[in-house]
Amino acid sequence: MKKVKVGISGCLGRMGKELVKQAKLLQGIEYAGGFDLKSKKNFKNDIFIKANVVVDFSSPGALSSNLEMAVNNNTGLVIGTTGLKEKELKMLKKASRKIPILFSSNMSLGVNVLFNLVQQTASTLKDKDYD
């Protein structure tokens, strides 16, 4: 079985440490390496070259650099970083035309089910007289 090579951005944070631990344990995953905001650019780029996908739970300040490296190396991204502003969301959308990107401001199953229910409810009630 071919393994998916996964890099972790924000590997020194709480979620990043858990992701590194799981990447090393899971069959089908090859841990390509991790980096954090203070890592040298060439080290980060090496991980983007090695990885099929980089999982990013770092900070909004790292997004621009990570997107640039991902696009330049044709590396997919999974982004769970919170606090992104309109500018960062536009950068994500632009990059998603070139590389695969999965973005969610909350990766919790329960919260995503709630988001889905709210969307379904709103679309059902949109033609009714509801606020």
Side-chain angles (χ1 to χ4, degrees):
M1 169 184 12
K2 186 176 178 184
K3 293 186 175 195
V4 176
K5 297 174 187 167
V6 177
I8 309 293
S9 173
C11 67
L12 299 179
R14 208 171 52 226
M15 180 60 119
K17 288 177 184 176
E18 184 61 31
L19 290 169
V20 170
K21 183 172 102 178
Q22 293 303 317
K24 290 179 176 180
L25 291 174
L26 293 172
Q27 293 181 7
I29 301 289
E30 180 182 325
Y31 178 56
F35 58 91
D36 216 77
L37 196 55
K38 295 177 184 171
S39 298
K40 293 185 183 338
K41 188 171 183 170
N42 60 344
F43 176 74
K44 288 195 246 186
N45 198 54
D46 288 346
I47 292 171
F48 276 94
I49 290 169
K50 282 191 253 180
N52 302 114
V53 64
V54 170
V55 180
D56 183 6
F57 276 81
S58 60
S59 67
L63 184 68
S64 178
S65 173
N66 289 348
L67 283 173
E68 179 184 345
M69 284 185 234
V71 168
N72 289 343
N73 293 292
N74 198 32
T75 307
L77 284 171
V78 173
I79 302 172
T81 302
T82 58
L84 298 182
K85 306 283 189 246
E86 190 64 32
K87 176 184 169 189
E88 287 100 359
L89 295 174
K90 285 180 181 177
M91 290 187 324
L92 273 176
K93 187 169 186 158
K94 183 179 177 185
S96 74
R97 294 183 190 118
K98 298 178 182 176
I99 58 168
I101 296 177
L102 170 68
F103 167 71
S104 178
S105 59
N106 191 318
M107 296 283 181
S108 160
L109 177 60
V111 168
N112 281 287
V113 168
L114 182 61
F115 286 161
N116 189 288
L117 289 172
V118 168
Q119 184 178 17
Q120 286 178 351
T121 303
S123 67
T124 301
L125 300 176
K126 75 177 180 181
D127 295 328
K128 311 286 188 267
D129 191 19
Y130 291 97
D131 288 339

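Remember, it's a predicted structure, so these values are computed and weren't measured experimentally.
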Practice task
Show your working on side chain to side chain contact (heavy atoms under 4.5 Å, CB included) between E88 and K85 and close with a plain yes or no.
Solution key: CA-CA 5 Å; E88 287 100 359; K85 306 283 189 246; 3.0 Å; yes
**Request:** Let me see the working for L67 and I101 under side chain to side chain contact (heavy atoms under 4.5 Å, CB included), right down to the final yes or no.
**Result:** CA-CA 10 Å; L67 283 173; I101 296 177; 4.0 Å; yes
Problem - Candidate pair N66 and S58, rule side chain to side chain contact (heavy atoms under 4.5 Å, CB included), full reasoning - result: CA-CA 10 Å; N66 289 348; S58 60; 4.2 Å; yes
May I have the step-by-step check of side chain to side chain contact (heavy atoms under 4.5 Å, CB included) for S9 and F35, ending in yes or no?
CA-CA 5 Å; S9 173; F35 58 91; 3.4 Å; yes
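Residues K41 and M69 meet the side-chain proximity criterion, which asks for heavy atoms closer than 4.5 Å. Residues T81 and L63 fail the side-chain proximity criterion, which asks for heavy atoms closer than 4.5 Å. Contact check for F103 versus L77: no side-chain heavy atoms found under the 4.5 Å cut-off. Residues I8 and Y31 are in side-chain contact: their nearest non-hydrogen atoms beyond the backbone lie under 4.5 Å apart. Here the side chains of V53 and L102 are not in contact, with every heavy-atom distance at 4.5 Å or above.
Evaluation of the salt bridge (charged side-chain N to carboxylate O under 4.0 Å, His left out) test over residues 18-29, restricted to residues two or more places apart or in two chains, returns E18-K21.
Note on V6 and L25: separate hydrophobic clusters, where clusters join Ile, Leu, Val, Met, Phe, Trp and Tyr whose side-chain heavy atoms are under 4.5 Å apart, directly or indirectly. Residues L26 and V78 share a single hydrophobic cluster, defined by chaining ILVMFWY side chains whose heavy atoms lie under 4.5 Å apart. At a threshold of 4.5 Å between side-chain heavy atoms, the hydrophobic network of Ile, Leu, Val, Met, Phe, Trp and Tyr places I99 and L89 in one connected group.
Residues K3 and I29 approach most closely at CD-O, 3.9 Å, considering heavy atoms. Taking each heavy atom of A51 and G7 in turn, the nearest pair found is CB-N, 3.8 Å. Contact record, L37 with S59: CD2-OG, 4.0 Å, taken as the closest heavy-atom pair. When all heavy atoms of C11 and V20 are compared, the closest pair comes out as CB-CG2, 3.8 Å.
To the nearest 0.5 Å, the span separating CD on E86 from NZ on K90 amounts to 5.0 Å. Distance check: S39 OG to L12 CG gives 7.0 Å after rounding to the nearest 0.5 Å. Going from atom CG of D56 over to atom CD1 of I79 covers 5.5 Å, rounded to the nearest 0.5 Å. With rounding to the nearest 0.5 angstrom, the CG atom of N52 is 6.0 Å from the NZ atom of K2. Atom CG of residue N42 and atom CD1 of residue I47 lie 10.5 Å apart, to the nearest 0.5 angstrom. Rounding to the nearest 0.5 Å places CG of D36 at 8.5 Å from NZ of K44.
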